[in-house]
Number of protein chains: 2
Amino acid sequence: MSNNGQTPKESLNLMGWTCPAPLRNYPTVVLGHGSGGKMTHDLIEHLFAPILQNELLDQFGDSTQFALSQPGRIAMSTDSFVINPLFFPGGNIGELAINGTVNDIAMSGAQPRFLSAGFILEEGLPMEDLGRIVTSFGEAAQAAGVQIIAADTKVVNKGHGDGLYINTTGIGVVPEGVNIAADRAQPGDVIIVSGTMADHGIAIMSVREGLTFESVIKSDSAPLNGMVQAILGVTPNVHCLRDATRGGLAAVLNELASASQVGMQFDETAVPVDPAVHSACEMLGLDPFYVANEGKLVAVVPPEHADAVLAAIRQSPYGANAAIIGQVVNDHPGMVVARTRIGAQRIVDLPAGELLPRIC
Amino acid sequence: MSNNGQTPKESLNLMGWTCPAPLRNYPTVVLGHGSGGKMTHDLIEHLFAPILQNELLDQFGDSTQFALSQPGRIAMSTDSFVINPLFFPGGNIGELAINGTVNDIAMSGAQPRFLSAGFILEEGLPMEDLGRIVTSFGEAAQAAGVQIIAADTKVVNKGHGDGLYINTTGIGVVPEGVNIAADRAQPGDVIIVSGTMADHGIAIMSVREGLTFESVIKSDSAPLNGMVQAILGVTPNVHCLRDATRGGLAAVLNELASASQVGMQFDETAVPVDPAVHSACEMLGLDPFYVANEGKLVAVVPPEHADAVLAAIRQSPYGANAAIIGQVVNDHPGMVVARTRIGAQRIVDLPAGELLPRIC
């Protein structure tokens, strides 16, 4: 369900990984793997390189050099992933670190091309876990059509990490004629969400709190660059695109309303929420509009393109449950208002403080 | 002395930082600062933004968009900094995180232009320390002539970090006609080092081990892009450039000898080493050629340009103590040989395992 009822995404974190012979003396990561000497070289050669290798990463210099064949502005984005736990239903930190940065770049309309990877490993991390995570990282990169072109590995002492942290930084090229920005929402524009809300946050919380529901709730972690290309295939005149991560739908709509100085209205009943996630939210006292997603976007488009954009999203990967949820208005600039199930109106504020720490 | 006797670098980590009023309720970083809500917004608005702001970083989107006006290949590099302790004689992790990535990009001949910053903060980090480190980070960026254009902040639980870790990823453009690579060293080429060896590693070790010497040994952390531009002003025909970080001079020469399949010879007495660092190395039983630097490069250049390149380095910032130390030879391909003080020859191997963990 969390995957929009589409072709189920391969459960990457169940992929096998067999420890290569030269690393078998090390059941866990040790400090020497970060020393820059022969042990670092062995870890790179036998674990990272076979999974991630490509002609650019293989340059082995201080930096990697490449040409961008396409004209246009460059979009760059960085994100560090510190999610706890490392493995969760529907994904793991490796896959998330690819999809998170791919999506941040895609939201500018750019096709993500090249990513760097900075791994901070904790001494004592099982080599098996590292192998599975890097395998998933590599597979997610391939699925999203990006190349890992620069990488760095550091090791910190036991008790000074959480297994591993990953930074990914990516670049892509924004096609000419595309100008997607938070301040471009205009009264009359239509608001579309690409699928069910709150799957990722509830999946993480259920693992952390040891909760079980009638069905396993999976993270929706997915690359959205294909969906964005499908949207731009309808029209380059898309006003805003945002992936609804930390702070969920509420944070995105508030940011766009504030940046564009417009009002936003949506219909609560129009927002797709998986029934199991809905039950979990009720049980936990959480509002699904504030809970994080990792494979859903919010699009703000001129009304004349709304139906065609919705159709394009529904036909693209991870978009089967997309829906029109509301519109941009002249009233209450900077404010987001929801029409409730019983027809009343309520203000949907920016999330204030702590909701769910370390969900990405 | 560690700064090559040149104009002393400002001791950035002694710079003051005054906590702005809206953050004074938080003497330390707390988990809520990483939640993505109002507290994260406050930390960015009142601590990071005033120090790092520029028109690109202020785009506030999922990614930052920019144009590269200069033609040529793009060089990209990533590095995570996990140095312990965060503050050390001659610098701190903030300054180091700028200079480290600036130097990695500069070694391709590119002028570093844009950097991203990923901060992983540990709950409980004194806000004062964060303020001082970000101040130093911003000043080092300005000194190196690079802009921070994308940033991300995460907070991990107390006991799961070491105060903070920083990832920087940078890009620059390699001028046309420049082709610097590890495999371009040719017999007859001259090997130049840009200054004294081993300052950084010995500075860190002295703090960690609580050692005191007759004079304070300072890290040589410095941006080398100005020096590289000065070298390229002499000739674009530079064969190899490397900054001598983890593994020191020995690691660099071995990597170049191996990649180019040539021999490397150098004269031990020709390698500049600060007398205090030399004494410290003798006391600790360390070979200064294996100890890390953070503001020194190794250049391999055709013999006809060697004297002019040496002169250019000596006149550039941080290069006053530069010296010619040896040459590339046909003999013993892949191997580095040093002539000792007493005229004997010894093989200088790649460092094997653990030397000094977490020096960057």
Side-chain angles (χ1 to χ4, degrees), chain A residues 31-32 34-39 60-68 73-80 82 103-105 107-108 110 114 116-120 149-152 154-156 159-162 165 167 169 171 174 181-182 242-243 246-247 251 259 350-355 357-358, chain B residues 31-32 34-39 60-68 73-80 82 103-105 107-108 110 114 116-120 149-152 154-156 159-162 165 167 169 171 174 181-182 242-243 246-247 251 259 350-355 357-358:
Chain A
L31 276 176
S35 67
K38 187 171 175 332
M39 286 175 63
F60 282 118
D62 285 320
S63 67
T64 303
Q65 296 174 41
F66 58 93
L68 285 173
R73 287 159 298 155
I74 296 174
M76 184 169 182
S77 184
T78 190
D79 219 340
S80 300
V82 299
N103 292 348
D104 280 343
I105 295 168
M107 295 307 130
S108 67
F114 301 116
S116 67
F119 284 82
I120 299 176
I149 65 163
D152 174 64
K154 293 283 166 26
V155 181
V156 298
H160 296 270
D162 249 332
Y165 303 135
N167 176 283
T169 303
I171 63 176
V174 184
R242 275 286 166 107
D243 57 336
R246 283 189 287 189
L350 193 67
E354 180 66 12
L355 189 65
R358 300 184 59 189
Chain B
L31 276 177
S35 66
K38 188 170 173 337
M39 285 176 63
F60 282 118
D62 285 321
S63 67
T64 303
Q65 296 174 40
F66 58 93
L68 285 173
R73 287 158 297 155
I74 295 174
M76 184 170 182
S77 183
T78 191
D79 217 339
S80 299
V82 300
N103 291 348
D104 281 344
I105 294 167
M107 295 307 129
S108 68
F114 301 116
S116 67
F119 284 82
I120 299 176
I149 63 164
D152 175 61
K154 293 284 168 21
V155 181
V156 297
H160 295 271
D162 248 331
Y165 303 136
N167 176 283
T169 303
I171 62 175
V174 185
R242 278 285 166 108
D243 58 335
R246 283 189 288 189
L350 194 66
E354 182 64 14
L355 189 63
R358 300 183 59 188

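A, B, ... follow the sequence lines: proteins, then strands. Residue 1 opens every chain.
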note = Okay, B/Arg73 and chain A: the region with an atom under 4.5 Å from a heavy atom over there is both
query = Taking A/His160 for the side chain and B/His160 for the main chain, is one N or O donor matched with an acceptor at less than 3.5 Å?
reply = no
key: Any donor-acceptor pair under 3.5 Å from B/Lys154 side chain to A/Val82 backbone   = no
request  = Of all the heavy-atom pairs spanning B/Ala75 and A/Gln65, show the shortest one and how long it is.
outcome  = CB-CG, 4.1 Å
message = Does any backbone or side-chain atom of B/Val174 lie under 4.5 Å from a heavy atom of chain A? Answer side chain, backbone, both or neither.
response = side chain
key: Non-neighbouring partners of B/Thr169 that pass side-chain contact (heavy atoms from CB on, under 4.5 Å), sequence neighbours left out   = A/Ser116, A/Asn167, A/Thr169, B/Met76, B/Thr78, B/Ser116, B/Asn167
request  = Counting only heavy atoms closer than 4.5 Å, note whether A/Ala117 contacts chain B via side chain, backbone, both or neither.
outcome  = backbone
key: Counterpart residues, salt bridge (Lys or Arg N to Asp or Glu O under 4.0 Å), relative to A/Asp162 (two or more places apart)   = A/Arg358
query = Side chain, backbone, both or neither: which part of B/Ala110 has an atom under 4.5 Å from a heavy atom of chain A?
reply = neither
message = Can you give me the closest heavy-atom contact between A/Ala150 and B/Ser77, atom names plus distance?
response = CB-CA, 4.4 Å
task = Give, as side chain, backbone, both or neither, the part of A/Asn103 having an atom under 4.5 angstrom from any heavy atom of chain B.
result = neither
query = Who wins among A/Ser108, A/Ser80, A/Ala181 for the most heavy-atom pairs under 4.5 Å with chain B?
reply = A/Ser80
inquiry  = Using 0.5 Å steps for rounding, measure from the CG atom of B/Asp104 to the OG1 atom of A/Thr64.
reply    = 10.0 Å
task = Show your reasoning for whether side-chain contact (heavy atoms from CB on, under 4.5 Å) applies to A/Ile74 and B/Phe114.
result = CA-CA 11 Å; A/Ile74 296 174; B/Phe114 301 116; over 6 Å; no
